[in-house]
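Remarks on the structure that follows.
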Amino acid sequence: MLTAFARAFKTPDLRKKLLFTLGIIVVYRVGTHIPIPGVDYRNVQTCIDQAQANQGLFGLVNMFSGGALLQITIFALGIMPYITASIILQLLTVVIPRLEALKKEGQAGTAKITQYTRYLTIALAILQGTGLVATARSGALFQNCPVASQIVPDQSIFVTITMVITMTAGTAFVMWLGELITDRGIGNGMSILMFISIAATFPSALWAIKEQGSLAGGWIEFGTVIAVGLVMVGLVVFVEQAQRRIPVQYAKRMIGRRSYGGTSTYIPLKVNQAGVIPVIFASSLLYIPALIAQFAGGTSGWKTWIEQHFVKGDHPYYIASYFLLIVFFAFFYVAISFNPEEVADNMKKYGGFIPGIRAGRPTAEYLSYVLNRITWPGSLYLGLIALVPTMALVGFGANQNFPFGGTSILIIVGVGLETVKQIESQLQQRNYEGFLR
């Protein structure tokens, strides 16, 4: 990997792309530290310093924003509205025939779906920005801070609208930065920004573990976490690269005097076909009961039960629900994202077949059978990886967004692998030596 980066910097056009990407990253990180108008920055910093390691409901969103959410900056919402909008559009593509037709139209249809994603991103940014401002004004953003209710001193409607507009504009700007990286830089822009947001929280999270440790000044715990992290990265890389290759043979066809087809290829079915989406779905769904309990008044029995079992994240009920939801969403997402019947029809149309399997419906049934078989280990792997933060919460007193586990490690490794592959492919295009030297 380091060799690929060194060779990329020696290539002039790739060096320009890498430097452009680094420049956009610097702009993004600067924006995560600029507070929005109407916020008392000193009170915010006071509450952050006094906050507990576990930020509860807002921990996941704060991780995706690179720590900007709890500081209430112009990039407080980060890339999260775009991620949510992309997932919603992807799910609606299966339900709404118009979107499904656009998806099949090629580049023009994809551009239209991207435009819809942008509109939905702005709408979600307005909704989430309003919720964040309301939470900050009520003091619920930092529950244990004595000056939490003074974060927004002026609670007039004009200041509130200004804050929401500022955060919405920040989200639109972040979306534009991501598209700039995709067009003129290296890798997928949105994924790169998500990678940077998560990686930015690693140093503080690791140092907090060292500060809370008791063995040799915390260095034993710190070294243990680093060792576990390396093992986790190796495991995730191994599973993310694992795939089941289904051989496909294309029959030879004569068109005029020319012969077409007769080639052999394969269909790569990844073990983790769903990626990180099931973990995000499960986390978001489990936040709903805790969110309702947080804003509900009184001390009713159901509120107390939720706070005891579903807020901190180390209760057996929470762990079991989290694991089962991840397994369920893994199968659900694979079912809507991979259509065996469509793949079988395309193979039949172009004269392709799986050796030993008849074309058409038997091929679709075989693909569905294989997909279900490999989704089981993939879903169990996702569930175990996602439970690493919970084990760290019990063992080291870390927060639920423990750096080497769950959503963070899956995104970090996935984006890193794809970016390195893209750099290597562009290097091969520019430095192809051929067969004769």
Measuring from [X]:[atom1] to [Y]:[atom2], what's the distance to the nearest 0.5 Å?
X      : Y      : atom1 : atom2 : answer
Ile113 : Glu100 : CD1   : CD    : 10.0 Å
Lys112 : Leu99  : NZ    : CG    : 11.5 Å
Leu367 : Ile246 : CG    : CD1   : 5.0 Å
Gln107 : Thr110 : CD    : OG1   : 7.5 Å
Ile74  : Thr168 : CD1   : OG1   : 12.5 Å
Ile24  : Leu19  : CD1   : CG    : 12.0 Å

* Asked: Between Arg118 and Glu179, is there a salt bridge with N-O shorter than 4.0 Å?
  ->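 Looking at Arg118 together with Glu179, the answer is yes, because their closest N to O distance falls below 4.0 Å.
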
* **Sequence-distant partners of Ile88, side-chain contact (heavy atoms from CB on, under 4.5 Å), two or more places apart** =>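 Thr84, Leu92, Leu120, Leu124.
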
* Structure fact -> With sequence neighbours left out, the residues meeting side-chain contact (heavy atoms from CB on, under 4.5 Å) with Pro97 are none

Can you tell me if [X] uses its side chain to pair, donor with acceptor, with the backbone of [Y] under 3.5 Å?
X      : Y      : answer
Ser321 : Tyr318 : no
Glu342 : Asn339 : no
Thr73  : Pro35  : no
Thr166 : Thr162 : yes

Under a 4.5 Å cut-off applied to non-hydrogen side-chain atoms, are [X] and [Y] in contact?
X      : Y      : result
Ile267 : Val343 : yes
Gln128 : Pro81  : yes
Ile277 : Phe332 : no
Gln241 : Leu417 : yes
Leu387 : Tyr322 : yes
Met190 : Met175 : yes
Thr171 : Tyr82  : no
Pro268 : Tyr266 : yes

Smallest separation among heavy atoms of [X] and [Y], with atom names:
X      : Y      : result
Ala172 : Ile122 : CB-CD1, 3.7 Å
Leu77  : Ala125 : CD1-O, 3.4 Å
Ile186 : Ile192 : O-CG1, 3.9 Å
Gly187 : Gln422 : CA-OE1, 3.1 Å
Met167 : Ala76  : SD-CB, 4.0 Å
Thr182 : Gly189 : OG1-N, 2.8 Å

Looking just at side-chain N and O atoms, do [X] and [Y] make a donor-acceptor pair shorter than 3.5 Å?
X      : Y      : value
Glu240 : Asn272 : yes
Tyr333 : Gln90  : yes
Thr160 : Arg137 : yes
Glu365 : Tyr369 : no

* Parallel, tilted or perpendicular for Phe75 and Phe173, by the 30°/60° rule? ->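 Answer is parallel, since the angle falls under 30°.
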
* Under the side chain to side chain contact (heavy atoms under 4.5 Å, CB included) criterion, do Asp40 and Val152 qualify, and how do the steps go? -> CA-CA 6 Å; Asp40 192 325; Val152 185; over 6 Å; no

* Asked: Going through the distances and angles, do Phe329 and Leu382 end up as a side chain to side chain contact (heavy atoms under 4.5 Å, CB included)?
  -> CA-CA 11 Å; Phe329 281 122; Leu382 280 178; over 6 Å; no

* **Glu341 CD: over 12 foreign heavy atoms closer than 6.0 Å** => no

* To do: Quick one: do Phe353 and Thr363 satisfy side chain to side chain contact (heavy atoms under 4.5 Å, CB included)? Show the steps, please.
  => CA-CA 8 Å; Phe353 62 94; Thr363 299; 5.9 Å; no

* Could you give me the CA-CA distance, side-chain angles and deciding distance for Phe195 and Ile25, then say whether side chain to side chain contact (heavy atoms under 4.5 Å, CB included) is met? => CA-CA 10 Å; Phe195 177 96; Ile25 290 173; over 6 Å; no

